[in-house]
Amino acid sequence: MTNLSGRRVQAARNDGVILAAARDVFLEDPKAPIAAVAERAGVGISALYRRYKGKDDLLRTLCHDGLRTFVAEAEAAAEEPDGWAALVRFLRGVVEADVHSLTVHLAGTFASTPEMRADAVRAGALAGDLVRRAHEDGGLRPDVVVADVTLILEACAAIRVPDRDRTAELRRRQLALLLDGMRRDGADLRSVLPGPPPDAAELNWRWAQSRQPAQRDATE
């Protein structure tokens, strides 16, 4: 029993190492082969294939984990009694968790699953509720929509420098500036937002892109 438990602990540890390595590798180069993940993780390619059928399976796991984190942050923020405070807590939590780096880099590079799509619908509904509450409580400027929030998160995720701590600091700084622009207070000093707000089709087109069959080979 002890040996079995020890093997399970080791397997869980190895899986965590593989996922961390995969995240780093694919953020650097979304087209990197799965062998690069095994090399970064310091495990044999056979150990990786025992857990994942291929690159698509690994990418799905990474992005689904990020989606679950998004949902968890939204659910936690919803407990805040004040609508504006809830939205701020949510945005800060998602930026700290670095969820959208994967979205920016990997959208449209693999086929999603029904479970992922269901969680995406849940995530959108939760974010929409947070935006609605922030409007109702008077903290959020009235012309901001939930799709704007998505692009704000992606903008923060696009900030990246070699030092991880500095990257996190710069993202927090950018978010603070963006939050100031989202507040309803002092609306008379702001200009009208240019153009219509982003719509669902504009945000989702990347996920609709299918990969060419030639890209799916044994090296993935």
Side-chain angles (χ1 to χ4, degrees), residues 19 23 26-27 56-159 171-172 174-185 187 193 195-210:
L19 288 175
R23 180 182 175 86
F26 295 134
L27 284 179
D56 274 12
D57 194 26
L58 186 52
L59 292 176
R60 275 190 291 269
T61 299
L62 284 172
C63 285
H64 203 174
D65 283 352
L67 187 55
R68 292 188 185 103
T69 298
F70 183 101
V71 168
E73 291 292 343
E75 289 175 338
E79 298 175 4
E80 291 281 350
D82 177 77
W84 173 253
L87 182 60
V88 170
R89 174 178 171 178
F90 164 68
L91 291 172
R92 287 174 175 166
V94 172
V95 169
E96 288 294 326
D98 195 16
V99 170
H100 282 69
S101 287
L102 291 172
T103 299
V104 171
H105 284 76
L106 303 180
T109 63
F110 63 92
S112 62
T113 65
E115 293 79 9
M116 290 182 69
R117 291 191 287 275
D119 281 344
V121 170
R122 170 69 173 157
L126 287 167
D129 285 344
L130 290 169
V131 169
R132 175 186 55 77
R133 285 183 56 204
H135 279 310
E136 290 175 351
D137 288 353
L140 181 64
R141 57 187 291 174
D143 51 353
V144 173
V145 299
V146 67
D148 290 312
V149 171
T150 298
L151 294 183
I152 285 169
L153 290 169
E154 292 192 10
C156 290
I159 299 169
R171 287 175 176 174
R172 288 191 291 267
Q174 183 66 20
L175 179 59
L177 292 169
L178 292 168
L179 286 170
D180 282 348
M182 292 167 62
R183 286 189 68 91
R184 187 183 184 94
D185 300 342
L193 292 177
D199 60 34
E202 290 173 316
L203 295 179
N204 294 334
W205 73 269
R206 293 164 302 182
W207 295 100
Q209 306 305 299
S210 60

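Start at 1 with the first residue, then count along the sequence.
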Interatomic distance, SG@C63 vs CG@L106, rounded to 0.5 Å, equals 4.5 Å
Per-pair distances, 0.1 Å, donor-acceptor, side chain in residues 72-79, under 3.5 Å, sequence neighbours excluded:
unit_1 : atom_1 : unit_2 : atom_2 : d
E75    : OE2    : R122   : NH2    : 3.1

For D119 and M116, what are the C-alpha separation, side-chain angles and deciding distance, and is it a side chain to side chain contact (heavy atoms under 4.5 Å, CB included)? CA-CA 5 Å; D119 281 344; M116 290 182 69; 5.7 Å; no
Could I get the full list of salt bridge (charged side-chain N to carboxylate O under 4.0 Å, His left out) partners for D98, not counting sequence neighbours? R23, R160, R171
Nearest 0.5 Å please: distance from the CD1 atom of I152 over to the CG atom of L177. 11.5 Å
Taking C-beta and beyond as the side chain, do V95 and F90 meet within less than 4.5 Å on heavy atoms? no
When rounded to the nearest 0.5 angstrom, what is the spacing between CD in E154 and OG in S101? 10.0 Å
Given the rule in the side chain to side chain contact (heavy atoms under 4.5 Å, CB included) test, do L59 and T109 qualify, once you have shown the distances and angles that lead to the verdict? CA-CA 8 Å; L59 292 176; T109 63; 3.9 Å; yes
Under the 3.5 angstrom rule, does the side chain of R89 hit a backbone N or O of E80 as a donor-acceptor pair? no
Answer yes or no: is there a donor N or O on one side and an acceptor on the other, between the side chain of R183 and the main chain of R141, under 3.5 Å? no
Hey, is the main chain of V144 close enough, under 3.5 Å, to the side chain of H135 for a donor-acceptor pair? yes
Once rounded to the nearest 0.5 Å, what's the spacing between atom CG of D65 and atom CZ of R60? 13.0 Å
In terms of heavy-atom contacts, T69 and A97 come closest through CG2-CB, 3.7 Å
dist L175:CG -> M182:CE (nearest 0.5 Å) comes out at 8.0 Å
Under the side chain to side chain contact (heavy atoms under 4.5 Å, CB included) criterion, do F26 and L58 qualify, and how do the steps go? CA-CA 10 Å; F26 295 134; L58 186 52; 4.0 Å; yes
Applying ring-ring contact (aromatic ring centres under 6.0 Å, His included), name anything that partners H100, two or more places apart in sequence or on another chain. F70
Of D137, V88, L87, the residue whose pairing with D82 passes side chain to side chain contact (heavy atoms under 4.5 Å, CB included): D137
Please list, chain by chain and in numerical order, all residues satisfying side chain to side chain donor-acceptor pair (under 3.5 Å) with R92, sequence neighbours excluded. none
In terms of heavy-atom contacts, L67 and A123 come closest through CD1-CB, 3.9 Å
Taken in chain and number order and not counting sequence neighbours, the residues that satisfy salt bridge (charged side-chain N to carboxylate O under 4.0 Å, His left out) with R133 are none
With sequence neighbours excluded, residues passing side chain to side chain donor-acceptor pair (under 3.5 Å) with S112: R117
Backbone N/O of V145 and side chain of D148: donor-acceptor pair under 3.5 Å: yes
V131 and V146 have their tightest heavy-atom pair at CG2-CA, 4.0 Å
Pair C156-L91, side chain to side chain contact (heavy atoms under 4.5 Å, CB included): steps then yes or no: CA-CA 10 Å; C156 290; L91 291 172; over 6 Å; no
